[in-house]
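Let me begin by presenting the structure, written as structure tokens, before commenting on it.
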Amino acid sequence: MSSEKGCCVSFTQCFFGYSTAKSLVIRSKAVGALNRLCQALVIAYIIGYVCILKKGYQDTDSVISSVTTKVKGIALTNTSDLGLRIWDVADYVIPPQEENSFFVLTNLNITPNQTASRCAENPGPESSCSSDHDCKKGFHDSRLSGVRTGRCVNFSETNKTCEVLAWCPLEKSGDPPDPPMLAEAENFTVLIKNSIRYPKFNFNKRNILPHVNSTYLSQCVFNSETDPDCPIFRLRDIVAAAGEDFLTMAVHGGVMGVQIRWDCNLDMPESWCVPHYTFRRLDNKDPENNVAPGYNFRFAKYYKNPDGEEIRTLIKGYGIRFDIMVFGKAGKFNVVPTLLNIGAGLGLMGLVTVVCDWFVLFVMTKRHLYREHKYSYVDDYKLVSNEVP
């Protein structure tokens with residue numbers, strides 16, 4: 001019974017107890033120095049990190065962007081399949097326009113004069129045969145070049161393969177030419193036009209800056225040191241800025257990233273808001289895993305011969321795709337985030353008291369004395385009983 005009564009008394013005292021702040025001034029150089037040091041750190045955090053570095057006094061907005069491109073350049077090739085040929089932008093930019101990217105053809109394997117007819121499949125484990133029984137009529141697969149006719153025919157004097165209904169002669173296999181056919185593409189240029197908007201601040205700008213006129217635009221090429229405001233880029237320079245060699249990359253193709261960053265402090269003059277360009281290769285270039293390297297696809301050009309028969313030239317094109325990525329954030333003074341961030345920072349002042357209390361109560365040699373003075377307990381019912389005569 002006595003233990004139960006003691007528990008009830010303890011619960012009652014705890015439930016009906018009330019704690020109030022008590023001022024205890026400790027005249028100690030160590031504690032005083034710790035207190036001022038912690039306060040200085042909090043103030044430095046508020047001013048240095050929140051206000052200056054992170055600009056906590058500003059309201060922010062993310063960029064909305066649009067990008068268009070225009071590639072220029074001419075290349076000359078002389079091959080056994082095509083002869084002497086001039087390549088201009090209509091030939092090597094495929095397709096003419098893409099969303100936030102463009103592709104430049106740099107290398108190709110050509111299979112000319114194909115017609116829809118019958119021919120022997122290229123040799124391989126799945127196409128080799130010894131008789132017609134090995135060739136199922138009508139069979140086709142995504143890895144084959146056409147639909148089997150059911151016949152086993154001679155591919156060469158030593159090999160027999162299944163006959164297929166396909167575009168014949170079949171595509172030439174093998175590695176792309178090295179050096180690349182369109183090696184002159186390294187001197188092509190691209191005009192990148194980028195318009196940005198920060199809707200929260202009703203702010204618009206484009207990367208063709210106000211001081212850039214037609215005369216300058218017709219002569220300039222981007223250089224991070226001498227012409228950082230020029231929006232015309234040489235393809236070789238883009239690849240080189242990413243630490244790559246254009247002619248090496250042009251053999252099998254690849255993917256490059258053009259990154260445009262708009263970080264604008266709208267409390268400053270508008271002329272300070274300018275784009276910053278960086279470049280990097282986006283596709284994986286791992287020398288230990290070089291299966292299916294680069295970037296390529298197939299397309300064809302169709303014609304009709306004098307007899308009205310449709311023929312085509314099949315091209316397996318290799319090239320570099322340039323993806324243009326726009327990032328940015330704008331900030332402008334606003335009283336609401338200013339008060340919120342300063343208030344949150346000042347709230348950290350409460351940690352100063354916690355740190356100093358811990359130091360006083362658990363580290364200092366006279367911690368037991370400080371603990372006795374810091375905590376006092378007063379029972380109201382005892383005071384009442386002592387006042388009654």
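- In the model, S145 has no side-chain atom that pairs as donor or acceptor with a side-chain atom of N122 under 3.5 Å.
- Checked by atom type and distance alone, the side chain of N109 never pairs as donor or acceptor with a backbone atom of K316 at under 3.5 Å.
- Going from atom CD of E121 over to atom CG of L170 covers 5.5 Å, rounded to the nearest 0.5 Å.
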Please list every donor-acceptor pair under 3.5 Å in which a side-chain atom of residues 35-51 meets a protein atom from a residue at least two apart or in another chain.
| unit_1 | atom_1 | unit_2 | atom_2 | d |
| --- | --- | --- | --- | --- |
| R36 | NH1 | Q39 | OE1 | 2.9 |

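- The shortest side-chain heavy-atom distance between P231 and L217 falls under the 4.5 Å cut-off.
- Residues P199 and I64 form a side-chain contact, since some pair of their non-hydrogen atoms from C-beta on lies under 4.5 Å apart.
- Listed by chain and residue number, nothing satisfies the side chain to side chain donor-acceptor pair (under 3.5 Å) test with S195 (two or more places apart in sequence, or in another chain).
- The backbone N or O of M181 lies less than 3.5 Å from a partner atom in the side chain of N107, making a donor-acceptor pair.
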Check step by step if side-chain contact (heavy atoms from CB on, under 4.5 Å) holds for F279 and V258. CA-CA 5 Å; F279 313 94; V258 179; 3.8 Å; yes
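- Within a 6.0 Å sphere centred on CZ of R281, other residues, nucleotides and ligands contribute more than 12 heavy atoms.
- Other residues, nucleotides and ligands contribute more than 12 heavy atoms inside 6.0 Å of the NZ atom of K200.
- Contact between T106 and G319 at its shortest, heavy atoms only, is OG1-CA, 3.3 Å.
- Taking all atoms of both residues into account, the shortest heavy-atom contact from M256 to V239 is CE-CA, 4.1 Å.
- Using a distance-only test at 3.5 Å, with no hydrogens or angles considered, no donor-acceptor pair links the side chain of D307 to the main chain of E309.
- Rounding to the nearest 0.5 Å places CG of D229 at 11.5 Å from CG of N223.
- The minimum heavy-atom distance linking Y92 with V71 is given by the pair CE1-CG1, 3.9 Å.
- Within the 4.5 Å cutoff, side-chain heavy atoms of N187 are placed close to those of R236.
- Within a 6.0 Å sphere centred on CD1 of I74, heavy atoms belonging to other residues, nucleotides or ligands number 12 at most.
- Between the side chains of S130 and D134, at least one donor-acceptor pair of N or O atoms lies under 3.5 Å.
- Residues satisfying the side chain to side chain donor-acceptor pair (under 3.5 Å) criterion with R151, sequence neighbours excluded, are E163.
- R85 has a carboxylate O that lies under 4.0 Å from a charged side-chain N of D91, or vice versa, which qualifies the two as a salt bridge.
- The number of heavy-atom neighbours closer than 6.0 Å to NE2 of H133, taken from other residues, nucleotides and ligands shown, is 12 or below.
- The disulfide (SG to SG under 2.5 Å) test applied to C152 returns C129, not counting sequence neighbours.
- Between the side chains of T111 and E171, no donor N or O sits under 3.5 Å from an acceptor N or O.
- Partners of D263 under the salt bridge (Lys or Arg N to Asp or Glu O under 4.0 Å) rule, at least two apart in sequence or in another chain, are R261.
- Inspection of the Q58 and N265 side chains reveals an N or O donor paired with an N or O acceptor under 3.5 Å.
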Kindly indicate, with the supporting measurements, whether the criterion side-chain contact (heavy atoms from CB on, under 4.5 Å) is fulfilled by K193 and I208. CA-CA 7 Å; K193 294 190 287 186; I208 302 179; 3.9 Å; yes
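- Of the options V67, I94, V190, a side chain to side chain contact (heavy atoms under 4.5 Å, CB included) to F102 is made by V190 and by none of the others.
- The two residues A120 and N154 have their closest heavy-atom pair at CB-O, 4.1 Å.
- Aromatic ring centres of Y295 and F103: separated by under 6.0 Å.
- Side-chain N or O atoms of Q114 include none that pairs as donor or acceptor with a backbone N or O of T313 at under 3.5 Å.
- Within the 3.5 Å criterion, the main-chain N or O of I232 finds no donor-acceptor partner in the side chain of T189.
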Does F322 form a ring pair (Phe, Tyr, Trp, His ring centres under 6.0 Å) with F233? I'd like the steps, not just the answer. CA-CA 12 Å; F322 296 84; F233 303 82; over 10 Å; no
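- Taking OG1 of T149 as the reference point, atom CG of L165 lies at 8.0 Å (rounded to 0.5 Å).
- Q259 contributes atom CD, which lies 7.5 Å from atom CG of L282 (distance to the nearest 0.5 angstrom).
- In this structure the side chain of T278 never reaches within 4.5 angstrom of the side chain of H276, judged on heavy atoms.
- Counting only heavy atoms from C-beta outward, the side chains of V147 and F139 never approach each other to under 4.5 Å.
- When side chains are defined from C-beta on, P180 does not count as touching L182, because their heavy atoms never get closer than 4.5 Å.
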Could you go through the side-chain contact (heavy atoms from CB on, under 4.5 Å) check for C273 and W262 one step at a time? CA-CA 7 Å; C273 180; W262 294 83; 3.9 Å; yes
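- Proximity of L144 to V164: side-chain heavy atoms (C-beta onward) are nowhere separated by under 4.5 Å.
- The main-chain N or O of C220 is never found under 3.5 Å from a side-chain atom of D227 such that the two would form a donor-acceptor pair.
- Contact between N207 and I192 at its shortest, heavy atoms only, is ND2-O, 2.8 Å.
- Without hydrogens or angle criteria, S218 side chain to T215 main chain gives a donor-acceptor distance under 3.5 Å.
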What pairs of donor and acceptor atoms, side-chain ones from residues 323-334 against any protein atom, are under 3.5 angstrom apart with sequence neighbours left out?
| unit_1 | atom_1 | unit_2 | atom_2 | d |
| --- | --- | --- | --- | --- |
| D323 | OD1 | R321 | NE | 3.0 |
| D323 | OD2 | R321 | NH2 | 3.0 |
| N334 | OD1 | V336 | N | 2.9 |

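- With rounding to the nearest 0.5 angstrom, the NZ atom of K205 is 6.5 Å from the OG atom of S271.
- A donor-acceptor contact closer than 3.5 angstrom is absent between the side chains of D267 and Y57.
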Given W87 and L105, is the side-chain contact (heavy atoms from CB on, under 4.5 Å) satisfied, shown in steps? CA-CA 10 Å; W87 297 77; L105 189 69; 4.0 Å; yes
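- Across all non-hydrogen atoms, the minimal contact from T69 to S101 is OG1-O, 4.4 Å.
- With rounding to the nearest 0.5 angstrom, the OG atom of S62 is 8.0 Å from the OH atom of Y198.
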